[in-house]
Amino acid sequence: MSSDPSRRIAVLISGSGTNLQALIDAKIPNSEIVLVLSNRKNAYGLVRATNASIPTAYLGLQPYLKNNPDKTRNDYDAEVAQIVLSAKPDIVVLAGWMHILGERFLELVDGHKALKDEEKPVPIPVINLHPALPGAFDGANAVERAYEAFQGGEIERTGVMMHRVVKDVDRGEPILVREVEIRKGEEIEQFEARLHAVEHEIIVAATRRVLDQVKPCL
């Protein structure tokens, strides 16, 4: 992504990777995507990463628990953290990552606890893309829930946000927020297409903003 990149980005995905593609295409100055990790083996985002010569990794929760019957979900989150930290990122971007990361992941990546081979952990910001406005439609299926709420006259607006990841799902500090209009009479597919276009813009802008805060371009 740059002839001499010094800012390292790790991206976590679960699906087709269109938001990952937006990050790849953006070519954020002096930055490089150094890892794409998926919790789904057949996620097309892994193909996108491979096509862009980006290192990939896969770790699924259920296969992990099946292969390690003595392990727990917390152990899985710690393993995810270890994979991420091994890439030495300056920022972790959740781009359609469909797994709620627990405190074990956050305390390792936030630098509150160190891995065994680390003496001085460095806090790494973790940011997430969520297709809703702050405080609205936390969790899964936010797009569908917002569309249904609009049809039922419960809301007049929705949107997209990038926020910092905390233990409470989709409740971290917003970094960027954009409203997205739901138009009367339009099908959900039309609404989704417009919303996804905003997602592609906001994920790039927020990633760049946080990178500029933690490691400014020289």
Side-chain angles (χ1 to χ4, degrees), residues 8-15 19-20 23 34-40 43 45 57-65 68 70-146 158-178 199 202-203 205-207 209-211 213-215:
R8 301 167 65 85
I9 304 168
V11 184
L12 276 56
I13 65 166
S14 297
N19 289 301
L20 165 65
L23 285 170
V34 295
L35 173 68
V36 172
L37 169 64
S38 175
N39 64 339
R40 294 181 181 173
Y58 157 72
L59 188 67
L61 174 60
Q62 293 308 319
Y64 174 84
L65 295 177
N68 301 277
D70 59 325
K71 301 293 186 180
T72 66
R73 187 184 178 106
N74 284 337
D75 294 315
Y76 170 82
D77 284 350
E79 187 69 21
V80 170
Q82 186 158 3
I83 293 171
V84 169
L85 291 172
S86 68
K88 295 180 170 53
D90 296 299
I91 187 174
V92 179
V93 182
L94 309 187
W97 170 258
M98 303 304 292
H99 168 79
I100 298 173
L101 293 166
E103 288 188 57
R104 185 62 177 144
F105 174 89
L106 293 174
E107 67 187 8
L108 288 169
V109 178
D110 284 348
H112 293 129
K113 289 191 178 181
L115 293 171
K116 292 181 180 179
D117 58 348
E118 288 184 328
E119 295 182 358
K120 292 184 178 180
V122 177
I124 301 169
V126 183
I127 65 176
N128 179 55
L129 175 68
H130 185 60
L133 296 174
F137 307 108
D138 300 337
N141 303 315
V143 175
E144 294 82 358
R145 289 156 57 204
T158 187
V160 177
M161 70 170 171
M162 288 291 297
H163 67 90
R164 296 183 184 273
V165 175
V166 297
K167 66 178 181 177
D168 297 320
V169 177
D170 298 323
R171 288 289 170 151
E173 174 193 356
I175 301 164
L176 283 175
V177 179
R178 299 270 177 85
E199 287 182 327
I202 199 173
I203 194 170
T207 299
R209 175 178 293 187
V210 176
L211 268 177
Q213 292 170 352
V214 299
K215 198 168 187 180

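Computed from a predicted model, the values in this text were never measured in an experiment. Heavy atoms only: backbone and side chains are in, while hydrogens, waters and symmetry mates are out.
When the options I127, I203, L129, L101 are evaluated for a side-chain contact (heavy atoms from CB on, under 4.5 Å) with L94, the one that passes is L101.
Between H130 and G139, the closest heavy-atom pair is CE1-O, 3.2 Å. The two residues L108 and A81 come nearest to each other via the heavy atoms CD1-CB, 3.8 Å.
Side chain of R209 to main chain of I175: a donor-acceptor pair is present (N/O by atom type, distance under 3.5 Å, no hydrogens or angles). With Y76 contributing its side chain and K71 its backbone, the two residues share no donor-acceptor pair below 3.5 Å. Remark: side-chain polar atoms of R145 are paired, donor with acceptor, to backbone N or O of A140 under 3.5 angstrom. Formation of a donor-acceptor pair under 3.5 Å by the R8 side chain with backbone atoms of L35 is not found in this model. No side-chain donor-acceptor contact under 3.5 Å links D110 to the backbone of E107.
Other residues, nucleotides and ligands contribute at most 12 non-hydrogen atoms within 6.0 Å of the CD atom of E103.
With rounding to the nearest 0.5 angstrom, the CG atom of D170 is 5.0 Å from the CE atom of M161.
Proximity of V84 to L12: side-chain heavy atoms (C-beta onward) are separated by under 4.5 Å at one or more points.
For residues 91-101, every residue pair satisfying the side-chain hydrogen bond (donor to acceptor under 3.5 Å, both in side chains) rule, not counting sequence neighbours, is listed here: R73-H99, D77-H99.
Every salt bridge (Lys or Arg N to Asp or Glu O under 4.0 Å) that K215 has, sequence neighbours left out, goes to D90.
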